[in-house]
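Chain naming here is simple, since letters A, B, ... match the order of the sequence lines and numbering starts at 1 in each.
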Amino acid sequence: MIHWDDATIDRFQRALLTWYDAHGRDLPWRRDHDPYHVWLSEVMLQQTGVSTVIPYYEKWLAHWPTIAELAAADEDAVLKEWAGLGYYSRARNLLKTARVITNERGGQWPQDAAGLKQLPGIGDYVAGAVASIAFSQPVPAIDGNAYRVFSRLLLIDTDIRSSAAKKVFNDAITPLIPADRPGDFNQAVMDLGSSYMRAKDPDSAHSPVAAFDAAYQQGVTDQYPVKAPKKKPVAKAYTALALLAPDGQVVWQQRPPRGLLADLWTWPLLTGDQQGASAPELIQQLADEHGIILDPALVLRVQPVGGNGVVHVFTHQRWTITVVQLTLADVPPLPANARWLPLTQQELALPTMQRKVSAYYNRNKAE
DNA sequence: TAGCCGTGGGT
DNA sequence: TACCCAAGGCT
């Protein structure tokens, strides 16, 4: 690893901030330094691209212009606004923190990173980003961009997925932060990491800090950052049931409050590919796995819908979902976590997985 | 402390 | 197709 002297640090800061002043991105959350805006954007941007976030960010603020209004929202409404962004605990934690700030702290934010980290959903990165951008605290905001940028500039060969990485990079970056512009410094690093020093096909030669880029100078940019490979997602098979009542409504079921897609709504999912199963088998499995009791005499038809089904890949699971329609002669009662609603209902928070299943059903259902 | 937790886009 | 990547946090 390379260590810079004070004069080099000073020149680096000037090169970075001069470039940022002239070429920094004009993004919706950079219009001011309101901690609500900074915090909301940083949470949305976790593991999520800028172009994906912008429309969600604008819609969110139109819905809840202030943190006090967010604090008064229902969790159902918050999840619905978030639906499609993924990592849904981020949305639940946004609501929790909004309520802590509004109801327990009189609308006052903690102004340093340690205080911010106490809030739900705020870890080292978001704490550093909000503390530096909204409150001008001289702390780093170490995200994937910072890992990539400083591993190249300083030839840091610590595996960025290792438990040691956070401290190594924190110690390396902290002395480089200018006391007068910590927020701009951190945001400049993000812009650098998404442009000249991006992960794929970087343009190190034209970077404003090319003169400070040791990996570029030595022709080893493609070796940084050092990052251990991750595991393949585990394959799982499910069958989604379209339980169709005579009035055209189907059964929607809310998932458990913890785990994958927590609290979101899908059609009843049976484990395994049950395309060839009989009506009694499907009814039995539906009772065993979901507590939905159907009288076999109510089943008019059992029809597989489409062929191979839908593939949906999560970070750690790969789902193959086949679809079966059970046409019923009546509208039987449901447990508390399930509801009869039309195929086209717009009121529930649906994960992308269910949106794919619904679209697949509409393409393949019997005429 | 690894494993869990989404999604869309690019190659 | 099967990867990888994108402003991580929680347990």
Side-chain angles (χ1 to χ4, degrees), chain A residues 24-25 27-30 37-57 79 82-94 96-97 116-130 132-133 140-149 159-166 169 183 185-195 197-202 222 225 227-236 255-264 266 308 310-320 349-356:
Chain A
R25 288 173 292 180
L27 298 168
W29 42 90
R30 288 182 177 175
H37 298 160
V38 176
W39 163 64
L40 176 62
S41 66
E42 295 300 346
V43 171
M44 285 187 166
L45 286 160
Q46 289 171 24
Q47 309 291 290
T48 309
V50 168
S51 60
T52 300
V53 165
I54 287 174
Y56 279 90
Y57 177 83
L79 275 177
W82 192 271
L85 261 187
Y87 289 135
Y88 296 94
S89 66
R90 292 185 293 173
R92 282 186 289 274
N93 285 331
L94 276 176
K96 286 182 191 169
T97 284
L116 289 161
K117 256 197 75 168
Q118 303 299 314
L119 297 164
I122 298 188
D124 287 319
Y125 167 73
V126 174
V130 174
S132 63
I133 298 169
I142 305 173
D143 65 340
N145 287 303
Y147 280 133
R148 184 166 58 257
V149 165
D159 173 7
I160 64 171
R161 289 206 167 115
S162 71
S163 53
K166 204 171 280 186
F169 280 79
F185 175 90
N186 285 329
Q187 294 185 90
V189 170
M190 297 173 204
D191 283 11
L192 196 56
S194 65
S195 58
M197 298 188 71
R198 70 183 79 93
K200 291 181 180 175
D201 191 28
D222 61 348
K227 195 176 191 177
K230 49 182 172 185
K231 298 177 180 177
K232 289 183 179 180
V234 176
K236 299 196 174 199
R255 293 176 59 81
R258 297 183 193 283
L260 186 62
L261 304 177
D263 286 337
L264 275 72
T266 70
N308 295 331
V310 172
V311 176
H312 187 77
V313 183
F314 301 97
T315 306
H316 57 297
Q317 293 184 21
R318 176 193 174 84
W319 285 16
T320 302
L350 304 184
T352 294
M353 168 252 130
Q354 176 59 49
R355 292 180 188 279
K356 287 186 186 175

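Here the P atom of nucleotide C:dC5 and the CE atom of A:M190 are 19 Å apart, to the nearest Å. The separation between A:F314 atom CZ and B:dC5 atom P is 9 Å, rounded to whole Å. Taking atom CZ of residue A:R198 and atom C1' of nucleotide B:dG10, one finds them 13 Å apart after rounding to whole Å. Note: CZ (A:R355) to C1' (B:dG6) measures 13 Å, nearest angstrom. Rounded to an integer number of Å, the gap from CZ of A:R161 to P of B:dA2 is 13 Å. Atom pair A:W82:CH2 and B:dT7:P shows a separation of 12 Å (rounding to whole Å applied). Spacing between atom NZ of A:K230 and atom P of C:dC3 amounts to 11 Å, rounded to whole angstrom units. The distance between atom CZ of A:R258 and atom P of B:dC5, rounded to the nearest whole Å, is 12 Å.
Judged by distance alone, the side chain of A:T97 and the main-chain N or O of A:L94 form no donor-acceptor pair under 3.5 Å. For A:N186 (side chain) and A:I133 (main-chain N/O), no donor-acceptor pair under 3.5 Å exists by modelled atom type.
As judged by a 4.0 angstrom heavy-atom cut-off over every strand, A:V50 is placed among the base-contacting residues. Residue contacts for A:I133: at a heavy-atom cut-off of 4.0 Å it reaches no nucleic acid atom on any strand shown. Residue-level contact check: A:W319 touches neither bases nor backbone, having no heavy atom under 4.0 Å from any strand. Contact annotation for A:T352: backbone-only contact, meaning every heavy-atom pair under 4.0 Å involves sugar-phosphate atoms and none involves a base. Contact annotation for A:G193: no contact, since no heavy-atom pair falls under 4.0 Å across all strands. A:D124 comes within 4.0 angstrom of sugar-phosphate atoms only, judged by non-hydrogen atoms across all strands, and of no base. The residue A:V313 sits close to a base: some heavy atom pair falls under 4.0 Å. Using a 4.0 Å heavy-atom cutoff across all strands shown, A:L85 reaches at least one base atom of the nucleic acid. Residue A:A199 is classed as a sugar-phosphate contact, given heavy-atom separations below 4.0 Å to backbone atoms only.
Interface remark: the A:T52 side chain does not form any donor-acceptor pair with the B:dG8 base, using a distance-only criterion of under 3.5 Å. Put simply, the side chain of A:R25 and the base of C:dA7 share a donor and an acceptor less than 3.5 Å apart. Residue A:Y87 places a side-chain atom within donor-acceptor reach of the base of B:dG6, judged by atom type and a 3.5 Å distance cut-off alone. Not a single donor-acceptor contact under 3.5 angstrom links the side-chain atoms of A:T48 to the base of B:dG8.
Taking the P atoms as reference points, B:dG3 lies 24 Å from C:dA7, given to the whole Å. With both ends at atom P, the span from B:dC5 to C:dA6 equals 23 Å, rounded to whole Å. The gap from the P atom of C:dG9 to that of B:dG8 amounts to 22 Å, rounded to the nearest Å.
In this structure, A:R318 and A:G144 both approach DNA chain C, and ranking their closest nucleotides by distance from the 5' end singles out A:R318. Residues A:Q46 and A:S51 each lie close to DNA chain B; by heavy-atom proximity, the contact nearer the 5' end of the strand is made by A:Q46. Both A:L119 and A:S41 lie close to DNA chain C; mapped to their nearest nucleotides by heavy-atom distance, the more 5′-ward contact belongs to A:S41. Of the two residues contacting DNA chain B, namely A:S89 and A:K200, the nearest-nucleotide position lying further toward the 5' end is that of A:S89.
With C:dG9, B:dG6, C:dA6 as the candidates, the nucleotide lying closest to the side chain of A:N145 is C:dA6. Comparing B:dG6, C:dA6, C:dA7 by their nearest atom to the side chain of A:E42 picks out C:dA7. When distances run from any side-chain atom of A:R148 to the nucleotides C:dA2, B:dG6, C:dA6, the shortest one goes to C:dA6. Here the nucleotide nearest the side chain of A:W29, chosen from C:dG9, C:dA7, B:dT7, is C:dA7. In this structure, the nucleotide among B:dG6, C:dA7, C:dG9 sitting nearest to the side chain of A:V126 is C:dG9. In this structure, the nucleotide among C:dA7, B:dC5, B:dG3 sitting nearest to the side chain of A:T315 is B:dC5. Distance from the side chain of A:N93 is smallest for C:dC10 among the nucleotides C:dA7, C:dA2, C:dC10. Nearest nucleotide to the A:Q317 side chain, out of C:dC3, C:dG9, B:dC5: B:dC5.
Regarding contacts with the backbone of B:dC5, a side-chain N or O of A:H316 is found under 4.0 angstrom from either OP1 or OP2. For B:dG3, one of the phosphate oxygens OP1 or OP2 lies less than 4.0 angstrom from a side-chain nitrogen or oxygen of A:K231. In this structure, A:H312 does not reach the B:dG6 phosphate: none of its side-chain N or O atoms is under 4.0 Å from OP1 or OP2.
Counting all heavy atoms, side chain and backbone alike, A:Y56 lies closest to A:M44 at O-CE, 3.8 Å. Minimum heavy-atom separation, A:T266 to A:P351: CG2-CG, 4.0 Å.
Between A:I54 and A:W29, some side-chain heavy-atom pair lies under the 4.5 Å cut-off. By the 4.5 Å heavy-atom criterion applied to side chains, A:Y147 and A:I142 are counted as neighbours.
The side chain to side chain contact (heavy atoms under 4.5 Å, CB included) test with A:D263 singles out one residue from A:S89, A:P257, A:P256, and that residue is A:P257.
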_I'd like to know whether A:R90 forms a side chain to side chain donor-acceptor pair (under 3.5 Å) with A:Q46, so could you lay out the CA-CA distance, the side-chain angles of the two residues, the decisive distance to 0.1 Å, and finally the verdict._
CA-CA 9 Å; A:R90 292 185 293 173; A:Q46 289 171 24; 5.0 Å; no
